[in-house]
Amino acid sequence: MYYVNQEQIDARLAFVPDLLKACAALESAWGTPEADSELLLHLAQERTLHLAIETVTDVGSLLIDAFMMRDASSYEDIVEILAGEGVFGADVALVLTELVKLRRPLTQEYNTLPRSGLHPMIAKLPGALSAFAEAVPAFIRKEML
């Protein structure tokens with residue numbers, strides 16, 4: 001019998017719509033000529049990416065623990081394990097792997113990050129995060145049968 005901390009998983013997945021709204025707002029704000037020089041927009045996109053990473057890795061870690069999957073050795077490994085266990089497909093795994101690789105620069109190299117233009121992940125995130133948020137509950141239901 002598995003113990004799934006459904007409350008924590010649900011709480012984190014409930015945050016995904018806020019991340020999707022933030023991506024949409026950032027994309028529309030970047031349409032103005034002065035946007036590239038707006039420090040606040042750069043910091044907002046960095047925080048959005050960071051929170052998306054934490055959401056994916058927190059939920060991933062909870063799933064790995066709940067279903068006694070192999071231990072992850074890195075953030076990229078969390079995504080690889082989940083994809084290997086069939087939580088989501090290869091297309092979502094590609095985007096999420098690219099996303100989690102940003103964790104170190106965002107959390108440790110923030111003072112030297114180049115701050116020009118909209119980060120390409122902001123446009124890729126909505127599809128991948130939506131798919132992730134749908135796939136996780138489906139996987140849990142399937143595994144609990």
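For reference, positions follow the sequence shown, starting with 1.
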Do the side chains of L113 and L102 join up, straight or via other hydrophobic residues, at under 4.5 Å, putting them in one cluster?
yes
Which pair of non-hydrogen atoms, one from L19 and one from A52, has the smallest distance, and what is that distance?
CD1-CA, 3.7 Å
Here the pair of heavy atoms bringing A93 nearest to V79 is O-CG1, 3.7 Å
Distance, nearest 0.5 Å, that separates CG of L106 from CD of Q45
9.0 Å
Working to the nearest 0.5 angstrom, can you tell me the gap between N5 CG and S61 OG?
12.5 Å
For the atom pair CD (E7) and CG (L62), what is the distance rounded to the nearest 0.5 Å?
11.0 Å
If I take atom CD from residue E134 and atom CG from residue L129, how far apart are they, to the nearest 0.5 angstrom?
11.5 Å
With a 4.0 Å cut-off, would you call E54 and R12 a salt bridge?
no
Got a sec, which residues hit side chain to side chain donor-acceptor pair (under 3.5 Å) with E38, two or more places apart in sequence or on another chain?
none
Looking only at non-hydrogen atoms, find the nearest pair between S28 and A25 and report the distance.
OG-O, 3.2 Å
For residues L82 and M144: do they belong to one hydrophobic cluster (side chain heavy atoms under 4.5 Å, members Ile, Leu, Val, Met, Phe, Trp, Tyr)?
yes
List in chain and number order the residues that pass side-chain contact (heavy atoms from CB on, under 4.5 Å) with D65, two or more places apart in sequence or in another chain; answer none if no residue qualifies.
none
Give a yes or no on whether E109 atom CD has more than 12 heavy-atom contacts from other residues, nucleotides or ligands under 6.0 Å away.
yes
Check: T107 main-chain N/O paired with H50 side-chain donor or acceptor under 3.5 Å:
no
Given 3.5 Å as the limit, does a donor-acceptor pair link the side chain of S37 with the main chain of E34, or not?
yes
With a 4.5 Å cut-off on side-chain heavy atoms, are I81 and L63 touching?
no
Please check if the side chain of E46 supplies one atom and the backbone of R115 the other of a donor-acceptor pair under 3.5 Å.
no
Residue pair L49 / I122, side-chain heavy-atom distance below 4.5 Å:
yes
Among all residues two or more places apart in sequence or in another chain, which pass the side-chain contact (heavy atoms from CB on, under 4.5 Å) test with S74?
E76, D77
Ignoring hydrogens and geometry, is there a side-chain-to-backbone donor-acceptor pair from T97 to L94 under 3.5 Å?
no
How about I78 and V100: do any of their side-chain heavy atoms sit closer than 4.5 Å?
no
Quick one: are the ring centres of F139 and F88 less than 6.0 Å apart?
no
Can you confirm whether V56 sits close enough to Y75 that some side-chain heavy atom of one is under 4.5 Å from a side-chain heavy atom of the other?
no
Report yes if some heavy atom in the side chain of E143 is under 4.5 Å from a heavy atom in the side chain of V4; otherwise report no.
no
Exactly one of T48, L99, D58, L96 clears side-chain contact (heavy atoms from CB on, under 4.5 Å) with I53, and that residue is L99
Cluster overlap I9 with M68, hydrophobic side-chain contacts below 4.5 Å:
yes
Does the side chain of R70 come within less than 4.5 Å of I64's, by heavy atoms?
no
With hydrophobic residues grouped by side-chain heavy-atom distances under 4.5 Å, do L51 and L43 end up in a single group?
no
Kindly say whether A29 contributes a backbone atom to a donor-acceptor pair with the side chain of T32 at under 3.5 angstrom?
yes
For residues H119 and W30, establish whether the separation of their ring centroids is below 6.0 Å.
no
